[in-house]
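The block underneath contains the structure these notes are about, expressed in C-alpha cells.
Worth saying up front: this structure is predicted, and the values here are computed from it rather than measured.
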Amino acid sequence: MKKNEVVKEVSKRSGLPKAECDKVVDTFIDVIRDALVDDGKVIIRGFLTLETSELKARNGYNPITGQLEQYAPVKIVKCKVGRPIKDAVNDFASEE
C-alpha cells in the first residue's frame, strides 16, 4: 500500500477530506522521523516498535573493483511488529 492509498483509506474510514488526511499522515511521518533522530526509539503499543541501532565500521568486499574497503559506521532503524498485528496477519494467512 502506497502513501496515497493510505491517505484515501484514512479519508474513507474517518470521513475527513483527503487534504486533511494527507496533512495528518505527513505530520505522523515527521513526528516519527524526528523522534527517531532525537531519542532513537518509537513505541506504539500493539502496533510496532522502531529503534535505531548503529552498525560498527567494518571491512567489506567491493565486487566492482575487486578490493576490500573500509565502511564507516552507520545508523539503521529496526522494526518490531506488535503482537496484535502478527496475530492478525497469521490468522489471515491460515484462512487461505
Side-chain angles (χ1 to χ4, degrees):
M1 182 177 254
K2 296 180 183 177
K3 181 186 162 205
N4 64 343
E5 294 169 325
V6 171
V7 170
K8 285 180 188 177
E9 190 63 26
V10 170
S11 175
K12 184 173 113 178
R13 291 185 186 194
S14 68
L16 297 171
K18 286 183 189 175
E20 283 185 35
C21 292
D22 190 42
K23 287 180 187 178
V24 169
V25 171
D26 284 340
T27 303
F28 178 77
I29 292 169
D30 291 343
V31 168
I32 298 296
R33 182 197 61 230
D34 293 345
L36 287 171
V37 169
D38 294 341
D39 302 330
K41 193 166 190 175
V42 174
I43 301 171
I44 303 174
R45 298 223 185 270
F47 183 57
L48 61 82
T49 300
L50 298 170
E51 187 172 14
T52 59
S53 179
E54 187 168 318
L55 294 179
K56 296 178 182 177
R58 65 202 187 284
N59 291 325
Y61 175 75
N62 183 337
I64 296 172
T65 63
Q67 296 178 348
L68 289 177
E69 294 183 359
Q70 178 72 22
Y71 292 106
V74 294
K75 284 192 173 186
I76 60 169
V77 177
K78 294 181 179 181
C79 178
K80 183 178 177 185
V81 179
R83 173 66 56 196
I85 302 297
K86 285 181 186 179
D87 291 344
V89 169
N90 285 326
D91 289 346
F92 180 76
S94 65
E95 290 176 6
E96 292 180 352

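Of all heavy-atom pairs between K18 and V7, the closest is O-CG1, 3.6 Å. Smallest separation of non-hydrogen atoms from L36 and K41: CD2-N, 4.1 Å. Here the closest non-hydrogen pair linking P17 and S11 is C-OG, 3.8 Å. Closest heavy-atom contact between R58 and A72: NH1-O, 4.0 Å. The nearest pair of heavy atoms linking Y71 to Y61 is OH-O, 4.1 Å.
Put simply, the side chain of V24 does not reach to within 4.5 Å of the side chain of V10, judged on heavy atoms. In this structure the side chain of V81 reaches within 4.5 angstrom of the side chain of K86, judged on heavy atoms. Two residues are said to be in side-chain contact when any heavy atoms from C-beta on lie closer than 4.5 Å; I85 and L48 fail this criterion.
Between K23 and D26, no side-chain nitrogen of the basic residue sits less than 4.0 Å from a carboxylate oxygen of the acidic one, so the salt-bridge criterion is not met.
The neighbour count for K12 NZ, taken as heavy atoms of other residues, nucleotides or ligands under 6.0 Å away, does not exceed 12. The local environment of CZ in F28 is sparse, with at most 12 non-hydrogen atoms from other residues, nucleotides or ligands closer than 6.0 Å.
Each of V77 and V74 belongs to its own hydrophobic cluster when Ile, Leu, Val, Met, Phe, Trp and Tyr are linked at side-chain heavy-atom distances under 4.5 angstrom. One hydrophobic cluster holds both I32 and F47 under the rule that ILVMFWY side chains link at heavy-atom gaps under 4.5 Å. The hydrophobic clustering, which links ILVMFWY residues whose side-chain heavy atoms are closer than 4.5 Å, places V31 and V37 apart.
How far CG of L50 is from CG of D39: 12.5 Å, rounded to the nearest 0.5 Å. Between the NZ atom in K78 and the OG1 atom in T49 there is a gap of 13.0 Å [rounded to 0.5 Å]. Atom CG of D22 sits about 11.5 Å away from atom NZ of K8, to the nearest 0.5 Å.
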